[in-house]
Amino acid sequence: MRWLVTIVIVLLAVAVANWELAQLVLAIPFNWYTLRTYLPLEVLNHYIERPLSDVELVVPVHFFNEFTLPDLYETIDIQVEARMREEFSTLPDFKIQLLDGDRDKYNHGGYPKDELFVGSVLSSSNGIHIDGARNFAEQYYTLESLDNNDFPFFLTQLLVDHCFRDEIEKYTPDSFYKVNDGKADNEEHFNLIHADYMDHPIVKAMIDGTAGEPAKVKLKFYVVASDLINLNLEFTVLNTILPRFDKFRDFVQFEVSIQNLLTVDPDVPSDLHYIDDKFPRELTDLPLLSQLYESTVEHDDNNTVHFVFYPFPQGGERIKAKVVDGNDIYSETENTFLNIDNWGSVYFSHIPEAPEVDAEEIKLAFSVRQLEDCMWSFMESLLDGLGVPCDSLAPSVRLTVWKRYLCVQNIVHFSTKLAKVRSILYGGGVIPPSQVREMVQSVLKGLSLRLELLRLLREHRLNEALPLSIDMIRTIRV
């Protein structure tokens, strides 16, 4: 007991001489006990350096087949698991869960529109079809493929390679940067940061925005030849596109502007010229289009997505010969769509011929017939601009993919905040015990929410998981 009495006497002497120094000395054993008991370094290191090792992403797919194939679901599970482990090495456990589906029920709207429905059809050849407008895909197969037991392989290929590959690749080791933490007690400590967070400005703004200020994204719509048509575009955008992002309001907010451009002479002479690597040189002689593109590139920031409605008559006769990447811009019977990377898209459209009816009725008929397809095209371009994976799938299914992806991003971002906590608590400085306790309590609360988040992801309850992932991040303020 003498040593204890000696320590007490020394501390009292220090306290009398320098109270602030005494507080620091007393903080060391208290902080050591708090951290060792409630938040050991090895626990922090696990959640920081292996943030996705306990994450299980379950993707439900409703499946209908004309024949009953024994052990099909188990075979698909084995093949998907093997590819995730051996080919992709995904950091979270990515699973595709096949559920019994009924084609008639699907045709009558009996399944969620944001979940994929896959049908299978006996055919003369093997093949696939993915509907970019509906939550639907189809596997065509032959009797020979059944006899050779190739059908499970083809179905796995459809799901992994053609439907969800873009999302899966977001979870591979190559999609993450390993950042060393030189401020901690050991320079070998690190944390992971997703490549999209580092390389995609809009993604970074959205993830950072979960702390309180969502990313601001400008949507700029341009209606060419607005003196000939009335799209009622603002009403359509506000009522068809923006409501689909209600679940993402903590990540992104949109500012919509619409500019009407009058018709110009389609036969004005113009030469082809090079603008940049994104805009097709083949289209630089079309009236208004290249000038509009160049103006926006010069004045708009990276958080702007552009949409142009361009009637075929404005392009004159020359538009009928335009081909970009092997695809005809003009069609006698259909409207066409051109996506321009990291800028936006152009929707080329026919307009109604003028029958013997009131002009307003013509415009109204045009709006009803054309805007649904037009908005689908613009929606696809917007999702691309926001960095949403899986561009082969319908927008409704892509938004579901985006919820999963954002939950993963938030889990990784949470681990980055834990790395900052580690630097503070284990970085060698002396912190008042009250601050240590407060920080430990916030981490423990965040880890509790994280545990609940993992359960919701396993059960595919994404509408609950996404806001909970934001609450998890907000528990730690560093």
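All residue numbers refer to positions in the sequence shown, counting from 1.
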- Please say whether more than 12 non-hydrogen atoms of neighbouring residues, nucleotides or ligands are located less than 6.0 Å from CZ in Arg50. no

- Message: The test is side chain to side chain contact (heavy atoms under 4.5 Å, CB included); show your working for Val118 and Leu116 and say whether it passes.
- Response: CA-CA 6 Å; Val118 175; Leu116 185 64; 3.9 Å; yes

- Query: Counting distance only, does the side-chain N/O of His299 pair as donor-acceptor with the main-chain N or O of Ser295 below 3.5 Å?
  - Reply: yes

- Message: Are the side chains of Gln435 and Pro432 in contact, using a 4.5 Å heavy-atom criterion?
- Response: yes

- Item | Where Asn135 and Pro112 come nearest, the two heavy atoms and their spacing | ND2-O, 3.0 Å

- Task: Starting at CG of Leu242, measure out to CZ of Arg249 and round the result to the nearest 0.5 Å.
- Result: 11.0 Å

- Reported OG1-to-CD distance for the pair Thr90 and Glu87, which is rounded to 0.5 angstrom: 10.5 Å

- Item | salt bridge (charged side-chain N to carboxylate O under 4.0 Å, His left out) assessment of Arg83 paired with Asp161 | CA-CA 11 Å; Arg83 292 194 62 184; Asp161 294 319; 2.8 Å; yes

- Starting from the C-alpha separation in whole Å, work towards a yes-or-no answer on side chain to side chain contact (heavy atoms under 4.5 Å, CB included) for Tyr38 and Val443. CA-CA 10 Å; Tyr38 300 105; Val443 170; over 6 Å; no

- Salt-bridge present (Glu438, Arg477; N to O < 4.0 Å): no

- What closest approach, in Å, do Phe378 and Ser345 show between heavy atoms, and which atom pair accounts for it? CD2-OG, 3.5 Å

- Give a yes or no on whether Leu238 atom CG has more than 12 heavy-atom contacts from other residues, nucleotides or ligands under 6.0 Å away. yes

- Query: Any side-chain heavy atom of His129 sitting closer than 4.5 Å to one from Asp131?
  - Reply: yes

- Just wondering, are more than 12 heavy atoms of other shown residues or ligands nearer than 6.0 Å to CD in Glu144? no

- How far apart are the C-alpha atoms of Tyr293 and Trp343, what are their side-chain angles, what is the distance that settles it, and do they pass the side chain to side chain contact (heavy atoms under 4.5 Å, CB included) test? CA-CA 9 Å; Tyr293 175 80; Trp343 183 80; 3.5 Å; yes

- Would you indicate whether the side-chain heavy atoms of Leu399 and Lys247 approach each other to under 4.5 Å? no

- Item | Pair Asp300-Thr296, side chain to side chain contact (heavy atoms under 4.5 Å, CB included): steps then yes or no | CA-CA 5 Å; Asp300 293 340; Thr296 57; 3.4 Å; yes

- Query: Do you see a donor-acceptor pair shorter than 3.5 Å between the side chains of Asn65 and Ser120?
  - Reply: yes

- Can Lys403 and Asn463 be counted as having a side-chain donor-acceptor contact under 3.5 angstrom? yes

- Evaluate whether atom CD1 of Ile275 has more than 12 neighbouring non-hydrogen atoms of other residues, nucleotides or ligands under 6.0 angstrom away. yes

- Message: Is it the case that the ring center of Tyr177 lies less than 6.0 angstrom away from the ring center of Tyr197?
- Response: no

- Task: Could you tell me whether Glu74 atom CD has more than 12 heavy atoms of other residues or ligands within 6.0 Å of it?
- Result: yes

What side-chain donor-acceptor pairs closer than 3.5 Å can you find for residues 383-392, not counting sequence neighbours?
from, atom 1, to, atom 2, distance (Å)
Asp384, OD1, Arg398, NH1, 3.3
Asp384, OD1, Arg398, NH2, 2.8
Ser392, OG, His162, O, 2.9

- Message: Over 60° means perpendicular and under 30° means parallel, so tell me whether Trp402 and Phe245 are parallel, tilted or perpendicular.
- Response: perpendicular

- Heavy-atom donor-acceptor pair, Thr172 side chain to Ile168 backbone, under 3.5 Å: no

- Item | Beyond-backbone contact of Asn126 with Phe151, side-chain heavy atoms, under 4.5 angstrom | no

- Query: CD/Glu56 to CD/Glu459 distance, rounded to the nearest 0.5 angstrom?
  - Reply: 10.5 Å

- Message: Does either side chain, that of Asn45 or that of Arg422, offer a donor lying less than 3.5 Å from an acceptor on the other one?
- Response: yes

- side chain to side chain contact (heavy atoms under 4.5 Å, CB included) with Pro467: which residues, sequence neighbours excluded? none

- Task: Determine yes or no for a side-chain-to-main-chain donor-acceptor pair under 3.5 angstrom, with Ser175 supplying the side chain and Tyr171 the backbone.
- Result: no

- Between Ile202 and Asn302, what is the shortest heavy-atom contact and its length? CD1-O, 3.7 Å

- Not counting sequence neighbours, which residues clear side-chain hydrogen bond (donor to acceptor under 3.5 Å, both in side chains) with Asp250? List them please. none

- For atom CG of Asn239, decide whether the heavy atoms of other residues, nucleotides or ligands shown that lie under 6.0 angstrom number more than 12. yes

- Could you walk me through whether Tyr106 and Phe136 pass the ring-ring contact (aromatic ring centres under 6.0 Å, His included) check? CA-CA 9 Å; Tyr106 171 80; Phe136 183 76; 5.4 Å; yes

- Look only at the side chain of Asp93 and the backbone of Val55, and say whether a donor-acceptor pair between them is shorter than 3.5 Å. no

- Note on the structure: So OG of Ser145 and CZ of Phe154: to nearest 0.5 Å the spacing works out to 6.0 Å

- Query: Should the pair Glu167-Lys170 be classified as a salt bridge under the 4.0 Å nitrogen-to-oxygen rule?
  - Reply: no

- Query: Would you find a donor on one side and an acceptor on the other, under 3.5 Å apart, between the side chain of Lys113 and the backbone of Arg134?
  - Reply: no

- Could Glu294 and Lys278 be called an ion pair, given the rule that one side-chain N must be under 4.0 Å from one carboxylate O? no

- Task: Take the angle between the ring planes of Phe307 and Phe221 and call it parallel below 30°, perpendicular above 60°, tilted in between.
- Result: parallel

- Query: Taking only residues two or more places apart in sequence or in another chain, which ones pass ring-ring contact (aromatic ring centres under 6.0 Å, His included) with Trp376?
  - Reply: none

- Roughly how far, to the nearest 0.5 Å, is the CD1 atom of Ile411 from the CG atom of Asp54? 8.0 Å

- Task: Taking side-chain hydrogen bond (donor to acceptor under 3.5 Å, both in side chains) as the test, write out the residues that go with Ser377, two or more places apart.
- Result: none

- Message: Checking the side chain of Thr156 only, and the main-chain atoms of Pro152 only, is there a donor and an acceptor separated by less than 3.5 Å?
- Response: yes

- Query: Is atom CD of Glu169 surrounded by more than 12 heavy atoms (other residues, nucleotides or ligands) closer than 6.0 Å?
  - Reply: yes

- Query: To the nearest 0.5 Å, what is the distance between CZ (Arg474) and CG (Asn410)?
  - Reply: 9.5 Å

- Item | Test item: His194 side-chain N/O and Asp196 main-chain N/O as donor-acceptor pair under 3.5 Å | yes

- Side chain proximity check, Ser396 to Arg244, heavy atoms < 4.5 angstrom: yes

- Item | Thr400 side-chain N/O to Asp114 backbone N/O, donor-acceptor pair under 3.5 Å | yes

- Task: Not counting sequence neighbours, list each pair that qualifies as a ring-ring contact (aromatic ring centres under 6.0 Å, His included) and has a residue in residues 45-65.
- Result: His62-Tyr111

- Side chains of Gln253 and Val217: does their closest heavy-atom pair fall under 4.5 Å? no

- Note on the structure: Smallest heavy-atom separation, Met84 atom then Val160 atom, equals CE-CG1, 4.1 Å

- Message: Under a 3.5 Å threshold, yes or no: a donor from one side chain and an acceptor from the other, between Gln139 and Tyr141?
- Response: no

